Amino acid sequence: MTRSLGAPEGTARDGSGRSPLKKVLVRGADVLRGHRDGLAPAAGMVVLGIGVLTMPAWLPATGFLTLTDGVLAGIYTLLGIGMVLLLGYTGQLALTVNASYGIGAYATAILTVDDRIDPWLAMLVGIVVNIVVALALAFPLFRLQGHFLAVATLGVALMGYTVFEAAPVTGGSNGINGIPTLSIGSFHFVSDMAWTYLVWVIALAALLACRNLVTSHFGRAMLAVSGSEAAAESSGARPFWIKTLVFVVAAALSSVAGSLYASYAGFVSSSSFDLTLTLTLLVMVVVGGLRSLWALPFGVLGILALSAALQTYGPSVIPATGSDIPIVGYGVILILFLLVVPGGLASAGRWCAGQAGRLVARVAATPATQPAGGLYGTASSESRP
Amino acid sequence: MTPVFEAIDLNKSFGGVAALQAASISVEHHRIHALIGPNGAGKTTFFNCVSGHQQPESGKVLMNGVDVTGAPPYRMAELGMARTFQNVELFPAMNVLDNVLVGDHLEISEGPVAAMLRLPRHRRSERRARSRALAALERTGTAQLAHRLAGELPYGSQRLVEIARALVGGPSVLLLDEPAAGLTAGEADILRELLVAIAAEGSAVLLVEHDMRTVMALAEEITVLDAGRVIAVGPPGQIQANPVVIAAYLGVGAEESGEVAGS
Amino acid sequence: MGEFVVFLFAGLTVGAINALTGLGLLIIYNVTGVINFAQGDFVMLGAMGTILFAGPNGGPHRLPLAVAVIVTVAGVAAIGGLVERAVIHPRRGKGPILLLMITVGLSLVIEGVVLIVTSSQTYGLRNFSAGGPLTVFGGEVSRQSLWVYGVTALVLIALYLFFSHTRSGKAFRACEINPLAARLVGIRPSRYWTYAFALAAGVSALAGAAIAPVTTATYNMGLPLALDGFVAWVLGGLVSPVGVVLGGIGLGVAQGMLDGYLPTALLPYSGAFPFLVMVVVLVARPGGLVQLLPNRRV
Ligand SMILES: Nc1ncnc2c1ncn2[C@@H]1O[C@H](COP(=O)(O)OP(=O)(O)O)[C@@H](O)[C@H]1O
Ligand SMILES: [Mg+2]
């Protein structure tokens, strides 16, 4: 909902008493310019829903993407949500995502490989373990500020990776094979299409829930913590608890992503949980927009597409670079976005929509029936993030 | 009547600089109490020590007679204290309405799950908070800015928005650190009326301010700080006539307020 | 005893490399407040560049080693200064986290470029001086290891002399201590951001040249080096060059002993040791570290 408490002055309402077409135009202009926060996310949800539903058609049509990328995109989206919440909203660069992802994946792998317990139950176990670990880590880690948190969490992440590599129970780089797939009743998720839909239903639900979270008082407290801890605190928000809450939510979502990955791939090994994953996610999140949950899937798919395209066409252009070639693109993209489009695709999209909205508003305002100055005048004095 | 807020013999030093030396103050409901003193006297440090942003080395802070020395800022907020900052600490990436809503954080009690699921009771809390926030903006004369980004506002508007954020939760003690600095004459008028109204509703207002006109017009009680020490306490008339204060401060202050009046 | 000495020398070699990377991190951090994720990639560039100019093992020699090292160090220092101008400078003042992320991108770009140039191959480099290992205290130490120790000592002494006995070195320190005062006496702190990156890149490149014969070089060798450099830097207390060198060497020796004496069952975990130490140090002394953060008054 978020009934945008009245659009800012000079918008929609003065459209009353005009022709229906004009009303529609004025409304449309408001939506495009972002004055009706209620509608933009709904539109985002619809676009994403349609995009996901039609994945089996358009992913293979690209020539270098497959439905596997569709499944992976859903998994990366689940992982990226945590990074958006932590880094984008709360301002905390915590880099433990590979560890929580790994814990989820290994929980499922270890507990289900001999059909010991139901995979859904294993997923739950992974979430619980992850939440406990996140709480235990939050106490020491969130005593640190700024980039020292990044360095310390990087240390934790690498310790996690070492354990995944070394512990006998994980099988290290040889991994664990033969993990059963998920099923609901008698339906077993086997085809990539079924998996795409399953993963994306979960990812979209998580996006929606987290979007509700960030538009609530928690989301405002998160942004407050990243803006000024002193002021957040004297308003009654506890920075430590807010950070811990977000850290725990991120760990739980990563855990689900890890469990899904293990069940989908049927095989996990330590190499899936190294620093490359964290860096890839960072690029995806920056491309989507650090403060945008809705744009995250676009960042994820964009980077997956870039990576796949480079793997497919790269070797013919730059020979003998092997499967490492995507990093060539990642660095350039990351720097370009950070320097030129720090708000990511989300801000680019918002800007385009805003321009379109202005245009529509002008069309709605120009005919002779409209007094001069009208909407166009307010539109240009308008300011949005 | 117990004072709603009391600080007794606070000491604080930075390296060799003694920023506060046995500084005390006591404020009551319905009252505007001014804390004045030349630059570097320790006024901001005093605020930080009572709001929990810094720890006093010794001394006591009491809220409603209860010892809360050393409590963190969020605890002081829970106990009914709100404050603004000398260098305006808004959240630049949020819009003005959301900034003010942060000040109402404690009034929304629902947990994260209720927020994620958008439960009806959470929606109702949010709606109520929104109308309170709009009302607070209205009172500071900044309602028309509700949807602007806080970081984009002119300095004076930022100060008013910060005051709206501090008063939205209905604090029993409101600390304002130089609220009139950078305001236009019109904005300063709004501020003065607002402070009188807030005190009339029952809050205790503790005001750090350099503009002597404002201080003398509003405050019923004035505490003068110099080099970390309280050198005088009393009603405005008494303070203005106090030779110690005049020596330490008012000479400068009179010039300053003259400039303000002239400009 | 002989075994112990071998572990000790192995640890010292690793430790010296840690120390040199850590020194690069320290130089940049002290002047700019930026944590440079790409520091290890400067080491990699130093190793790769020297190999490129001197000719890789198994191929014909090109330039004399000394010339190759000088050309490489100068080149990498120039690259360091240039990238600072190009991607760090435009975002000064936008907060340490953004700048850290930019250096992450920088690291990926450097690796990517080297990947394209070298096609992900591993290259070796001839030893700086010919001859077999020397025997010291009953253990063997390679001549190249001695070169690594020597370079570390040399860099530390040179930095010390530079910072405390030259005008520009003092200007550097003025920037880190008080940018405003520095500006008042006519030093432009912003320029020193560029110098700091260049100096740090040069120091790291020298380290890379010295270790190339021991470690060989691949395009992605930088990240692990940077991580150990972080640990050395944190252990050394973030601001003291001597501390960083001691931290790096202590870490390297401890790691060498662990690798040597840890029971086989625990050996696979020994890689986590430096990070454990780093996290414990960071978390156990937040008071000490917080004071190093720009003191933000409210
Ligand atoms: N965080 C700090 N570190 C060091 N010295 C400080 C700090 N905060 C305040 N001071 C010193 O304490 C004294 C009082 O400062 P302050 O409380 O800001 O005075 P006022 O608000 O009355 O102008 C000054 O001498 C100031 O330099
Ligand atoms: Mg002050």
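Remember, predicted model here, so these are calculated numbers, not experimental data. All chains are named by letter (A, B, ...) in the order of the sequence lines, taking the proteins before the strands, and each is independently numbered beginning at 1.
- For the residue pair C:Ile97 and A:His147, the shortest heavy atom distance occurs at CG1-N, 4.4 Å.
- No donor-acceptor pair closer than 3.5 Å links the side chain of C:His89 to the backbone N or O of C:Val83.
- With a threshold of 4.5 angstrom between heavy atoms, A:Leu338 approaches chain C through its backbone and through its side chain.
- Proximity to chain A (any heavy atom under 4.5 Å) is shown, for C:Ile102, by both the backbone and the side chain.
- A:Val287 pairs in a side-chain contact (heavy atoms from CB on, under 4.5 Å) with only one of the listed residues (A:Ile333, A:Leu306, A:Leu296), which is A:Ile333.
- Note on A:Val151, A:Leu87, A:Val332: by heavy-atom pairs under 4.5 Å with chain C, the leading option is A:Val151.
- Under the 30°/60° scheme for interplanar angles, the aromatic rings of C:Trp233 and A:Phe148 are found to lie parallel.
- Against chain A, no residue from residues 252-267 of chain C qualifies, as none has a non-hydrogen atom under 4.5 angstrom away.
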Only distances under 3.5 Å count here; give the side-chain donor-acceptor pairs of residues 156-166 of chain A to other protein atoms, sequence neighbours excluded, each with its distance to 0.1 Å.
unit_1: A:Tyr161; atom_1: OH; unit_2: A:Glu165; atom_2: OE2; d: 3.2
unit_1: A:Thr162; atom_1: OG1; unit_2: A:Leu158; atom_2: O; d: 2.7

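- For the residue pair C:Gln39 and C:Ala201, the shortest heavy atom distance occurs at NE2-N, 4.4 Å.
- Between C:Phe230 and C:Phe37, the ring planes lie tilted relative to each other; the angle falls in the 30° to 60° range.
- Both the backbone and the side chain of C:Met101 come within contact range of chain A, each with at least one heavy atom under 4.5 Å from a heavy atom of that chain.
- By number of non-hydrogen pairs under 4.5 angstrom with chain C, the leading residue of A:Gly172, A:Ala150, A:Ala167, A:Ala231 is A:Ala167.
- Here the side chain of A:Tyr106 pairs a donor or acceptor atom with the backbone of A:Ser270 at under 3.5 angstrom.
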Go through the steps for A:Glu229 and A:Lys243 under the test salt bridge (Lys or Arg N to Asp or Glu O under 4.0 Å), then give the verdict. CA-CA 11 Å; A:Glu229 285 202 21; A:Lys243 292 176 196 172; 2.9 Å; yes
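- Looking only at heavy-atom pairs under 4.5 Å with chain A, the residue among C:Leu108, C:Leu98, C:Val277 that has the most is C:Leu108.
- If you measure heavy-atom distances from A:Leu282 to chain C, the contacts under 4.5 Å come from the side chain alone.
- Between chain C and the options A:Leu141, A:Leu290, A:Leu336, A:Leu275, the largest number of non-hydrogen pairs under 4.5 Å is found for A:Leu275.
- The residue among C:Val87, C:Val34, C:Asn220, C:Val280 with the most heavy atom pairs within less than 4.5 Å of chain A is C:Val87.
- Proximity to chain A is limited to the backbone of C:Ala86, based on heavy atoms less than 4.5 angstrom apart.
- C:Glu84 and C:Thr194 are linked by a side-chain donor-acceptor pair at a separation below 3.5 angstrom, with hydrogens and angles left out of the test.
- When every heavy atom of A:Ala346 is checked against every heavy atom of A:Gly289, the shortest pair comes out as CB-CA, 4.5 Å.
- Residue with the most contacts toward chain A among C:Val113, C:Val109, C:Leu99: C:Val109 (heavy-atom pairs, distance under 4.5 Å).
- Side chains of C:Ser107 and C:Asp41: a donor-acceptor N/O pair is present below 3.5 angstrom, by distance only.
- With a 4.5 Å cut-off on non-hydrogen atoms, C:Tyr219 touches chain A through its side chain but not through its backbone.
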